[in-house]
Amino acid sequence: LFQLPKMKNIFWLCFSILPYSVVSFIPPIFLSKFLPISRSHQNRLRSSFFLESSIQSLDNFFKTTSSNSHFRDTFWQKTPHIFEFTIPESAFQMVDLKFAVDTDFLEAGRGTFQDGRSGWNMAPVSAPKGKSFQDAKLQFNDVLMALTQKNGTVVFNSAGGFIPKLAVVCLDSTNSLQLPLAVNMYLTNPGQQTSAPPHTDKQDVFVFQQEGYKRWRVYAPPAPSRMQRADPFARGKGLDVLSFVELAPPLLDLVLGPGQVLYVPAGFPHTTDTLVPAEFASSGPSLHLTVGVDCLIWGLTFAHLRGMALRRAGLDDKLQLTKLEPPVFWRLHNSLPLGFLSSEGVSEEERAKEIEQQLITRMCEAEPRRWTSPAEAQQQVDALPCIHRLLQHHRDITATFKAMYADVGFKQSPVSMDLSLFRSQPYFLRLEETMGQLQKWVADNQKTPADAAAGKARGKSKRR
């Protein structure tokens, strides 16, 4: 064969490019073992390779992210993060929204605010025009009209409970993260100077840009002590105004395009607009989904556990949390290590003791004068019963969300007019009942101050 000139050329061409071909298929993180790459860059390579190599849809994204320790350790509830890849498969588009509005019964709000005088509020997109079902339901033209108004961002809250296609997204996400979550949907026409004013949210949010472009600016949280009566997780909403004067320069300032993913921790201020540069210009609206992880709302944080434990122990709780130093405040409001945040292969008893140790550390940080030692705090508070009750609460809440999303997504329950609203309504009621049962458990097991004083005295006598 080598006597043939053409075959010779092909042979030498293949031989010359072989080393580069082999190297190009070696993951960069493995090359870092032999090349002088910094540890921080190795971490970025490790994160981006293992994520980017398998991400084709939102389902793939959460399956991969939930097992990525680098994301959990570096970014979760610490700092915003733009993922260095795009998801090629769109989960939801305007054509899907039109179908959902036409065939189901949906509600939507339009974001409103007054510069410097109020935070972000919601006005209804439409009102019933008559007594019939058709007159009462939202029409797609109502959505299009709302988009043309000033500050015309249209919001579909908890859309996974009312739109089957998004319910499946929620079910896949919940199965991966094993935490309660919901999907909101936001639509904004191009050219909006402010689509959402600076504000904070109670959820840890993954933003998935589906169509169009939107500019995001994300900031470090201002010190809670600056506005002690304001909820640090609901700044810039209702009557509260979160001004740019309170904020440092943005941690991130970027334009999200279709397929891009952004993570924003709970409590981190952010603002959006669609005044994007010419290269990002789009003739259609921006549509993005937010998958919000709801640990704070459902009581799955160290702050909530601390309140439960003190109340059950009959101990006073006079601490004003917003007066704490920012690092102490945010650590106290961390999510409990549950779901994808928990250690693998440990028993429930081991997990409960791990949570107790982390709780006691945070309590001693928050009130160093109250607790002379972690051992004293642990003995007086006796948090393990509360922790076991919260572990059960987490299972109940997460299971209810899964059941709801499966029912809505696959239309399991026969309901009147085949409307998703009628499928999800019983589950939303069950979620509220589950939260009420947790509060009742705390009240039923609460000790009186006299009981707490007697227990403290017994503890001192034992130490003597």
Side-chain angles (χ1 to χ4, degrees), residues 76-79 119 179-180 198-205 219-242 246-248 264-270 292-338 341 355-374 376-378 380-383 386-387 389-390 393-394 435 438-439 441-443 446-447 449 452:
W76 177 258
Q77 296 189 331
K78 295 182 180 70
T79 187
L179 290 171
H199 68 280
T200 64
D201 293 317
K202 298 178 185 294
Q203 298 83 5
D204 291 276
V205 169
Y219 303 83
S225 58
R226 294 188 59 178
M227 295 285 286
Q228 293 180 11
R229 295 185 179 181
D231 182 354
F233 296 96
R235 294 296 317 275
K237 294 180 177 179
L239 297 177
D240 180 58
V241 177
L242 180 58
E246 293 186 60
L247 304 174
V264 181
F268 275 61
H270 50 279
V293 182
D294 280 320
C295 291
L296 184 67
I297 288 176
W298 298 109
L300 302 176
T301 66
F302 285 102
H304 187 260
L305 173 58
R306 171 187 171 274
M308 282 180 60
L310 289 176
R311 186 178 174 188
R312 178 185 172 276
L315 300 174
D316 291 335
D317 184 7
K318 298 180 181 179
L319 180 64
Q320 187 172 343
L321 298 182
T322 52
K323 289 185 176 181
L324 294 172
E325 290 296 316
V328 178
F329 175 89
W330 295 112
R331 276 197 296 271
L332 190 58
H333 286 83
N334 282 161
S335 303
L336 297 175
L338 303 171
L341 302 171
I355 293 174
E356 181 188 34
Q357 183 178 6
Q358 295 183 37
L359 171 67
I360 296 301
T361 299
R362 286 165 169 79
M363 290 180 67
C364 292
E365 285 180 346
E367 296 182 284
R369 295 182 179 179
R370 181 175 190 175
W371 312 112
T372 57
S373 68
E376 180 193 14
Q378 183 177 8
Q380 288 193 35
V381 173
D382 186 24
C386 291
I387 294 171
R389 183 61 184 85
L390 269 184
H393 176 71
H394 164 251
M435 198 68 193
L438 178 66
Q439 295 167 349
W441 181 89
V442 176
Q446 181 176 356
K447 294 180 181 178

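Scope of the values below: all heavy atoms of this structure, side chains included, with no hydrogens, waters or symmetry mates. What you see is a predicted model, and the numbers here were worked out from it, not measured in a lab.
Side-chain N or O atoms of His394 include none that pairs as donor or acceptor with a backbone N or O of Gly299 at under 3.5 Å. Counting only distance, with no hydrogens or angles, the side chain of Gln77 and the backbone of Asp204 share no donor-acceptor pair below 3.5 Å.
Contact annotation: the side chain of Pro337 approaches that of Phe302 to within less than 4.5 Å [non-hydrogen atoms, C-beta and beyond]. Counting only heavy atoms from C-beta outward, the side chains of Glu356 and Gln378 approach each other to under 4.5 Å. Between Val328 and Arg362, every side-chain heavy-atom pair lies at or beyond the 4.5 Å cut-off. Taking the side chain as every heavy atom from C-beta outward, Arg370 and Leu315 approach each other to under 4.5 Å. Under the 4.5 Å side-chain criterion, counting only non-hydrogen atoms from C-beta, Thr322 is in contact with Pro232. The shortest distance between side-chain heavy atoms of Leu336 and Gln358 does not fall below 4.5 Å. A 4.5 Å side-chain heavy-atom check between Phe268 and Thr200 finds every atom pair outside the cut-off. Counting heavy atoms from C-beta on, the side chains of Leu332 and Asn334 never come closer than 4.5 Å.
In terms of heavy-atom proximity, Ala366 sits nearest to Leu324 at O-CD2, 3.6 Å. In plain terms, the two heavy atoms of Cys364 and Pro374 that are nearest each other are SG-CA, 3.8 Å. Scanning all heavy atoms of the two residues, the minimum distance from Ala309 to Cys386 falls at CA-SG, 3.8 Å. Scanning both residues, Asp240 and Ala234, for their nearest heavy atoms gives OD2-O, 4.4 Å. Considering every non-hydrogen atom in both Ala313 and Val381, the closest pair reads CB-O, 3.9 Å. In this structure, Leu247 and Pro222 approach most closely via the heavy-atom pair CD2-CD, 4.1 Å.
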Quick one: do His270 and His199 satisfy side-chain contact (heavy atoms from CB on, under 4.5 Å)? Show the steps, please.
CA-CA 6 Å; His270 50 279; His199 68 280; 3.2 Å; yes
Stepwise side-chain contact (heavy atoms from CB on, under 4.5 Å) test for Met308 and Leu438:
CA-CA 10 Å; Met308 282 180 60; Leu438 178 66; 3.9 Å; yes
What verdict does the side-chain contact (heavy atoms from CB on, under 4.5 Å) test give for Met363 and Trp371, after you've listed the backbone C-alpha separation in whole Å, the side-chain angles of each residue and the deciding distance to 0.1 Å?
CA-CA 8 Å; Met363 290 180 67; Trp371 312 112; 3.9 Å; yes
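Taken from CG in Asp316 to CZ in Arg311, the straight-line distance is 13.0 Å, to the nearest 0.5 Å. Between atom CG of residue Leu296 and atom NE2 of residue His304 there is a gap of 9.5 Å, rounded to the nearest 0.5 Å. To the nearest 0.5 Å, atoms CG (Leu242) and CD (Glu246) are separated by 5.0 Å. Annotation: the span from Gln439 atom CD to His393 atom NE2 amounts to 8.5 Å, rounded to 0.5 Å. Atom SG of Cys295 and atom CG of Leu338 lie 7.0 Å apart (nearest 0.5 Å). How far CD1 of Ile355 is from CD1 of Ile360: 12.5 Å, rounded to the nearest 0.5 Å.
Tested against Pro180 for a side-chain contact (heavy atoms from CB on, under 4.5 Å), the candidates Ile297, Leu300, Val293 yield a single pass: Leu300.
Heavy atoms of other residues, nucleotides or ligands lying less than 6.0 angstrom from CD of Glu325 number 12 at most. Taking a 6.0 Å sphere around NZ of Lys78, one finds it holds more than 12 heavy atoms contributed by other residues, nucleotides or ligands. Within 6.0 Å of CD in Gln357 there are 12 or fewer heavy atoms belonging to other residues, nucleotides or ligands.
In this structure, Asp231 does not pair ionically with Lys237, as no charged nitrogen and carboxylate oxygen lie closer than 4.0 Å. Ionic pairing of Arg306 and Glu367 is present here: one or more N-O contacts between side-chain nitrogen and carboxylate oxygen are shorter than 4.0 angstrom.
Under the salt bridge (Lys or Arg N to Asp or Glu O under 4.0 Å) criterion, Asp294 pairs with no residue, sequence neighbours left out.
Classified by interplanar angle (parallel below 30°, tilted 30° to 60°, perpendicular above 60°), the ring pair Trp330/Phe233 is perpendicular.
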